[in-house]
Participant: 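What follows is a single structure, and I will ask about it in a moment.
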Amino acid sequence: MGIEKHLRITGTSTVSWKDAVVQTVAEASRTIDYLTSVKILEQKAKIDGKKLVEYFVELELSFVIDRDRD
């Protein structure tokens, strides 16, 4: 039986929400093994004048627990 763990994290980008998701997953995958899925929980943006200048995403990452790991 596999065990899956869920982790909430927040990421940012100055490009777009999509970029924030991609960059956050890429960064998390550097230290978390066996990522299986991502769920976008919330999207927000910072406004400066009439422009969106920073994009925020709150994500739920799922990964499988490696029971054989030492």
Side-chain angles (χ1 to χ4, degrees):
M1 176 175 94
I3 299 172
E4 194 170 77
K5 183 152 179 118
H6 302 268
L7 178 68
R8 277 188 140 169
I9 60 173
T10 302
T12 65
S13 170
T14 57
V15 177
S16 67
W17 281 295
K18 179 181 177 181
D19 186 62
V21 171
V22 170
Q23 295 301 322
T24 303
V25 170
E27 184 66 25
S29 70
R30 294 177 65 201
T31 56
I32 302 170
D33 294 329
Y34 313 113
L35 288 174
T36 58
S37 67
V38 60
K39 179 194 272 188
I40 299 167
L41 302 174
E42 186 173 7
Q43 295 175 308
K44 296 189 264 185
K46 183 177 179 182
I47 301 171
D48 186 13
K50 295 181 179 182
K51 290 182 67 176
L52 298 178
V53 294
E54 192 168 13
Y55 302 85
F56 302 89
V57 291
E58 185 175 341
L59 307 175
E60 179 181 274
L61 291 179
S62 300
F63 58 97
V64 176
I65 301 295
D66 183 357
R67 299 175 93 184
D68 298 325
R69 190 175 192 164
D70 291 333

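In this text the structure is predicted, and so the values were computed from the model without any measurement.
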Participant: With hydrophobic residues grouped by side-chain heavy-atom distances under 4.5 Å, do Leu61 and Ile65 end up in a single group?
Facilitator: yes

Participant: Do Val22 and Trp17 land in one hydrophobic cluster if side-chain heavy atoms of ILVMFWY residues count as linked below 4.5 Å?
Facilitator: no

Participant: Can you tell if the side chain of Leu7 reaches within under 4.5 Å of the side chain of Phe63, non-hydrogen atoms only?
Facilitator: yes

Participant: Got a second to check how far Thr12's OG1 is from Tyr55's OH, nearest 0.5 Å?
Facilitator: 12.5 Å

Participant: Do Ile40 and Leu59 have side chains that get closer than 4.5 Å, going by heavy atoms?
Facilitator: yes

Participant: Do Ile32 and Val25 belong together in a cluster built from hydrophobic side chains that touch within less than 4.5 Å?
Facilitator: yes

Participant: Determine the sole option in Glu58, Glu42, Glu60 for which the salt bridge (Lys or Arg N to Asp or Glu O under 4.0 Å) test with Arg8 is passed.
Facilitator: Glu58

Participant: For residues Ile47 and Leu52, determine if any side-chain heavy atom of one lies less than 4.5 Å from a side-chain heavy atom of the other.
Facilitator: yes

Participant: Donor-acceptor pair, distance only, cut-off 3.5 Å: does the side chain of Thr36 make one with the backbone of Ser62?
Facilitator: yes

Participant: Check whether any side-chain heavy atom of Phe56 sits under 4.5 Å from a side-chain heavy atom of Lys46, and report yes or no.
Facilitator: yes

Participant: Hey, could you give me the NZ/OG1 distance between Lys44 and Thr10, rounded to the nearest 0.5 Å?
Facilitator: 7.5 Å

Participant: Taking a hydrophobic cluster as the set of Ile, Leu, Val, Met, Phe, Trp and Tyr residues connected by side-chain heavy atoms closer than 4.5 Å, whether directly or through intermediates, do Val38 and Leu35 fall within one such cluster?
Facilitator: yes

